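This one's a predicted model, so the numbers in the text were calculated from it and none came from an experiment.
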Amino acid sequence: MIRDRIEEALGEALREVAEAEGIADFELPEIELTAPPSPEMGDFSTNIALVAAKQANMPPRQLAEAIAEQLRKSKLPLEKVEVAGPGFINMFMASSWFTDTVAEILESGQRYGRSSVGAGTKVQVEFVSANPVGPIHIGNARAAPFGDCVAAMLEATGHEVEREYYVNDGPYNTQALNFGRSIQARYLQALGREVEFPEDGYHGDYVTEMGQGLANEHGEKYADLPLDDEAAYKFFSFLVGEIVQQAQQDLQDFGIEFDVWFTEKSLYDNGDIEREIAGLTGKGMAYENEGATWLRTEDFGDESDRVLVRSDGRPTYIAADAAYAANKFARGFDRLIYIFGPDHAGYVPRLQAVLAACGFDLERVEIIVYQNVRLIRGGETVKLAKRKGQIYSVRDLIDEVGSDVARFFFLMRSNDSHLDFDLDLAVKQSDENPVYYVQYAHARICSIAKQAEARDFEFAPEPQLSLLADPFETALMRKLADYPHELQRAAEARAPHRLTTYLRELTQLFHQFYTNCQVLNADDIAMSTARMALAEATRQVLANCLGILGITAPESM
RNA sequence: GCGCCUGUAGCUCAGUGGAUUAGAGCAACGGACUUCGGAUCCGUGGGUCGGGGGUUCGAAUCCCUCCAGGCGCGCCA
C-alpha cells in the first residue's frame with residue numbers, strides 16, 4: 001500500500017535528519033498520515049514535524065522543510081511536497097499513482113482491498129447466542145450482522161476466522177426451565193387441564209402453539225409429570241431443537257452461516273464443567289462457603305466473588321462459561337471475540353475476572369458490547385416485551401424490510417451508539433433510503449456496460465488511463481485508492497460502520513462523476529474506454545465492500 | 001448508590017487530538033440533462049459540538065466536574 005511506503009519514507013527521512021543533527025537516542029514518533037480537508041492541500045498530510053520538533057530540537061517548519069526535501073528525493077510517485085501552516089507536510093500524488101490504482105483494481109478484482117496483515121492468527125467470533133426460548137428478536141438481531149461483518153473484515157485482512165453460536169441449553173439454565181414450565185402449562189391447558197400459568201412465564205403466542213403442538217402429538221403422555229424442574233427441562237428439551245433450527249434458518253436468511261453451533265449441554269455431557277470446577281478448586285481459586293462453591297473473582301477486579309456451584313449442587317452459568325472458555329482455548333484460537341448485547345454489558349468485568357481466575361490470558365480475549373435497538377414506526381417507539389409475548393423477531397424484520405436493508409441499517413451505526421431503527425424509512429424504496437443510494441450506483445454501472453453492449457459500442461483495446469484527469473475523476477480515484485486502508489482500519493477497530501460510511505462517500509463521488517463525465521461517447525473512443533475502466537473499477541470496489549457487509553450488489557433494481 | 005454507553009444542524013448520525021469554512025443523509029426551500037437509469041446531480045438556509053473548568057502552540061476529540069437520557073448491577077443468562 002502506498003501509505004506504508006510513504007510512512008516508511010517519512011520515518012527514514014526523519015532518522016536522517018536526526019542523524020545529521022547529531023541527536024542520539026532519537027525515538028521515532030508514531031507517524032500519522034491523514035487526508036487533508038481540501039484537495040488544494042494535497043492527497044496526504046502529516047503532522048510529523050510538529051510532533052518531532054521538540055525532540056529534534058528544531059523549529060517545526062524547519063524540520064518539515066528538511067523532511068520534505070528528503071521526500072522529494074525519494075522514489076515515491078509524488079508530484080509536489082509542500083510545507084504548510086505551522087509545519088504540516090502536504091503531499092500531492094502524481095497522476096500516475098491515481099491511474100495505477102485503477103489498473104490495480106481491475107487486475108486484482110475481488111481481491112482488491114484484502115490484505116494478509118492478520119495471517120497466521122486464528123480468531124473466533126462468538127455472537128448472537130440468544131437464549132433458546134423463542135425466536136431471535138430485534139435486540140439480539142443487531143449482533144448478527146455486526147458479528148458477521150467483524151468476522152468478514154478479519155477474514156479480509158488475512159485472519160483465520162470461525163463464527164460460533166453458543167446455545168444455552170444447559171439443564172440448570174433458569175430461563176430454559178422457565179420456558180419449559182411455560183410450555184408445560186400450555187400443554188396441560190391444551191389438554192383441558194386447569195393449571196395456573198407461571199407468573200414470570202413466557203406469554204408469547206408461539207408458546208401456546210408449541211404447547212398445543214405437543215398435546216396434538218403426544219396426547220396425555222406427559223400430562224402427569226410433576227410440575228418440577230426436571231419436567232420443565234424435559235419440556236424445554238422437546239422444543240429446543242425446533243427453536244435452534246428456526247434460529248439457523250432465520251440467520252441464514254439474514255446472510256449468516258455459523259461454522260459451529262456449540263451447546264452448553266455438551267459441556268455437561270462430557271464432564272467439562274465438572275473438570276473445570278475441580279481444577280479451580282484444586283488450584284485454590286474456588287472455595288466453599290454457605291454450602292455453595294465460590295470463584296475468587298474479587299481477586300481479579302470483580303466487585304465480589306461469584307457462585308460457581310449453587311448450594312443445591314447445580315452449577316451456575318459462570319461454571320459453564322469457564323468450561324466453555326477453556327474449550328475455546330483448547331481449540332487453538334489465538335484470539336476470542338465475544339459480542340454482547342446491552343443487557344450483558346455489566347457482565348463484562350465479571351467474565352474478565354472469571355477468565356483471569358481460570359488462568360487465561362485476557363490479552364487474547366476481546367469483549368465487544370453493542371447498545372440497544374429501538375424500533376420506530378410512525379414516529380413512535382414500538383413497545384416490546386419478550387416475556388409478555390410482544391416480540392419483533394429477525395424473521396419479522398427480514399420479511400418487512402429485507403436482509404440488505406436490515407443489515408445496512410444495523411451496520412450504519414457504531415456499535416456503542418444506540419440505534420433507532422426507523423421501519424418506515426427502511427421499507428421506503430426511495431432516495432430517502434441510504435441502502436438504495438449505494439446499490440443504485442452499482443446497478444447504474446452495470447447498466448452502462450449493458451448499454452455499451454446493446455449499442456455495439458467499440459472500446460479501444462486497452463484503456464489509456466492517463467486520460468483520466470478531470471477533478472471528478474481524480475476525486476473518485478482518490479477514494480478508490482483509500483479502500484484497502486479503510487478496510488484495514490475498520491477491521492482493526494472492529495467497526496463495520498466505517499465501511500458503510502466509506503460506501504456512501506464513494507457512491508456520492510461516483511454519482512458526481514457520472515453526472516459530469518459522460519462515459520459512453522462515440523466521438524471519443526479513447527476517453528470512453530478510460531472512463532469505462534474507471535466505472536468498472538468503482539463497481540468492483542462497491543461490490544467488494546458490499547460483500548464484506550453481506551449486502552448484495554444488484555446488477556439492476 | 002455504583003458501573004457501562006450516549007449527548008454534534010429541526011430529525012437520524014459520521015468525525016475521537018491538528019490547518020481561517022465541524023461533515024453526511026433526511027426534512028425545508030430553490031434549481032439541473034430533448035445523451036449512458038431522475039432511486040441522480042447542483043445550490044440555499046440551518047450548529048454556544050450538553051454546561052463549566054483544565055492540559056496543549058492547537059480540543060467536538062484528552063483529563064476533571066456537573067447536568068440529561070439509555071442500559072446494567074442475582075446462588076438468572
(message) Less than 4.0 angstrom from a charged side-chain N to a carboxylate O is my criterion; do Lys265(A) and Asp169(A) meet it?
(response) no

(message) Can you see whether Phe235(A) has Arg181(A) sitting over its ring - NZ or CZ less than 6.0 Å from the centre and within 45° of the normal?
(response) no

(request) Determine the interplanar angle of the Tyr370(A) and Phe146(A) rings, folded into 0 to 90°, and report it as parallel if under 30°, tilted if 30 to 60°, perpendicular if over 60°. (result) tilted

(request) Could you check whether Phe457(A) gets within reach of a base, just the sugar-phosphate, or nothing at all, counting any heavy atom under 4.0 Å? (result) nothing

(request) Counting heavy atoms from C-beta on, name the nucleotide in rC73(B), rG38(B), rC76(B) closest to the side chain of Glu303(A). (result) rC73(B)

(request) Sugar-phosphate atoms are those with a prime plus P, OP1 and OP2; base atoms are the rest. Using that split, label each nucleotide of nucleotides 8-21 of chain B B, S or - for protein heavy atoms under 4.0 Å, 5' to 3'. (result) ----BSSS--BB--

(message) Looking at rG74(B), I'd like to know if its phosphate oxygens (OP1 or OP2) sit under 4.0 Å from a side-chain N or O belonging to Arg306(A).
(response) no

(request) Determine the contact category for Tyr166(A): base if any of its heavy atoms lies under 4.0 Å from a base atom, sugar-phosphate if only primed atoms, P, OP1 or OP2 are that close, otherwise nothing. (result) nothing

(request) If rU34(B) has a Watson-Crick or G-U wobble mate with both distances under 3.5 Å, name it; if not, just say none. (result) none

(message) Classify Ala176(A) by what it touches in the nucleic acid, base, sugar-phosphate, or nothing, heavy-atom distance under 4.0 Å.
(response) nothing

(request) May I ask you to verify if any side-chain N or O of Ser447(A) is less than 4.0 angstrom from the OP1 or OP2 atom of rG37(B)? (result) yes

(request) Please measure how far the P atom in rC66(B) lies from the corresponding atom in rG1(B), and state the result in whole Å. (result) 11 Å

(request) Output the single nucleotide from rC75(B), rU40(B), rG72(B) whose closest atom is nearest the side chain of Asp343(A). (result) rG72(B)

(message) Can you identify which nucleotide, out of rA24(B), rC36(B), rC75(B), has its nearest atom closest to the Gln518(A) side chain?
(response) rC36(B)

(request) Have a look at Arg455(A) and say if it touches a base, only the backbone sugar-phosphate, or nothing, with a 4.0 Å heavy-atom cut-off. (result) sugar-phosphate

(request) Classify the side chain of Gln371(A) and the base of rU6(B) as holding, or not holding, a donor-acceptor pair under 3.5 Å. (result) no

